[in-house]
2 protein chains.
Amino acid sequence: MVKLQEKESTISDSEWEAMRIIWTLEPVSSTKIIQELQAKKNWSESTIKTLLRRLVKKNLLSTKKEGRRFVYTAKVNQTQVMAEAAQELLNRMCDMHKGEVLLQLIANSPISKSDLSKIKEIIATKEKDAPYMVPCNCLPGNEKMC
Amino acid sequence: MVKLQEKESTISDSEWEAMRIIWTLEPVSSTKIIQELQAKKNWSESTIKTLLRRLVKKNLLSTKKEGRRFVYTAKVNQTQVMAEAAQELLNRMCDMHKGEVLLQLIANSPISKSDLSKIKEIIATKEKDAPYMVPCNCLPGNEKMC
DNA sequence: CATCAAAGTTTACAAATGTAAATTTAAAGT
DNA sequence: ACTTTAAATTTACATTTGTAAACTTTGATG
């Protein structure tokens, strides 16, 4: 039996910044990435190269040598990685307050008309058998209302 | 001028686990926290004490000595901390895909009837002047559609 | 082909985190 | 008061992350 997915590597804050550039411009050269990132962050060339190498090692980027420089491409889908990261965060939190949290996120995020109507749809679906209260699940045994 | 909030300290994964117990049971003794956490995680007593001490240092918990043990209380509001953490995560991500991400979060989270209807309300409000598309904001200068 | 400059690789180092053993302190019982 | 021992504090150590200097390689150019 072969170990396929070694537990999806986490993306650190700085790495995330680099990934965004790559997702937007891929396939993109190291030089271009450095240029774009330096327009935003006070990072040395060296720092950015380190980030890129770590991302390759984490298997989130693939590279192809082109002349003297590398060209990077993302190996993972942006929206999916975003959703996974957000989901993982929520998974570590108390069920009881997720509704309120999502409420705030929606209020503070720019959302397109089409996404809004999709959201309306799931809301409608969920409403059918939504509970009156979502119990706290912070304790191991008894899920008590906290 | 006084520096009031020194940049709210981040809560690490393990620390989060401890905070959940405390938010649920506060005021709660070290002993009880250790007992509850060990019912969930394979952590030594020592490890848990370290977590608690770090949380106190981060100013997220306050303590009161009671007999031979400490009693802990959270100094921060759970829902608020949850919302802030989630918001900060989203802030580091591409605007263009936040709608889709929220869609998935809503689909996968247990939400009460009342929270659902509150969400419906903001959705309705937002729909009025929602854009047809939310542009990608991953590059420093030109916000291009990616 | 020799040299330079750009790009990549190594090494570095402090802070934060996960995890815990060893040691000290002090409450409680005798 | 003295001992026991639960609880707190110190010390520890590896890994990840943020950040970067130093060094090496290699494509390009004279």
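Panel note: side chain B:K120, backbone A:I123; no donor-acceptor pair is recorded below 3.5 Å. No donor-acceptor pair under 3.5 Å is formed between the side chain of B:K75 and the backbone N or O of B:L60. Side-chain atoms of A:T47 do not come within 3.5 Å of backbone N or O of A:W43 as any donor-acceptor pair. A donor-acceptor contact shorter than 3.5 Å is absent between the side chain of A:K58 and the backbone of A:I11.
Between the NZ atom of B:K41 and the C1' atom of C:dA20 there is a distance of 17 Å, rounded to whole Å. The distance between atom CD of A:Q35 and atom C1' of C:dA7, rounded to the nearest whole Å, is 15 Å. Across the protein-nucleic acid pair, A:R92 atom CZ and C:dT17 atom P stand 12 Å apart, rounded to whole Å. Summarising the geometry, the separation between NZ on B:K40 and P on C:dT19 is reported as 14 Å, rounded to the nearest angstrom. Going from atom NZ of B:K32 over to atom C1' of D:dA6 covers 18 Å, rounded to whole Å. Atoms CD1 (B:I11) and P (C:dA16) sit 15 Å apart, rounded to a whole Å. Rounded to whole Å, the distance from CH2 on A:W43 to C1' on D:dA20 is 13 Å. One interatomic measurement links the two molecules: NZ of A:K64 to P of C:dG8, which rounds to 14 Å at whole-angstrom precision.
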Task: Trace of the salt bridge (charged side-chain N to carboxylate O under 4.0 Å, His left out) decision for A:E88 with A:R92 - done: CA-CA 7 Å; A:E88 264 166 46; A:R92 286 192 259 105; 5.7 Å; no
- [ ] Show the numbers, then the answer: is there a salt bridge (charged side-chain N to carboxylate O under 4.0 Å, His left out) between B:E66 and B:K64?
- [x] CA-CA 6 Å; B:E66 198 153 282; B:K64 195 169 63 110; 3.3 Å; yes
Task: salt bridge (charged side-chain N to carboxylate O under 4.0 Å, His left out) evaluation trace for B:E36 with B:K40 - done: CA-CA 7 Å; B:E36 292 288 338; B:K40 213 180 179 184; over 6 Å; no
Task: Worked verdict on B:T31 versus B:R69 for side chain to side chain donor-acceptor pair (under 3.5 Å) - done: CA-CA 8 Å; B:T31 315; B:R69 59 185 64 160; 3.1 Å; yes
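Contacts between residues 65-77 of chain A and DNA chain D, defined by a heavy-atom separation below 4.0 Å, involve A:G67, A:R68, listed by number. Contacts between residues 45-55 of chain B and DNA chain C, counted as heavy-atom distances below 4.0 Å, involve B:S46, B:T47, B:T50, B:R54.
Remark: A:S12 is not in phosphate contact with D:dT16, judged by side-chain N or O atoms under 4.0 Å from OP1 or OP2. For the pair A:K57 and C:dT9, the criterion of a side-chain N or O lying under 4.0 Å from OP1 or OP2 is not met. Regarding contacts with the backbone of D:dA6, every side-chain N or O of B:T31 stays at 4.0 angstrom or more from both OP1 and OP2.
Nearest nucleotide to the A:S14 side chain, out of D:dA20, D:dT19, C:dG18: D:dT19.
A side-chain donor from one of B:Q87 and B:N91 sits under 3.5 Å from a side-chain acceptor of the other.
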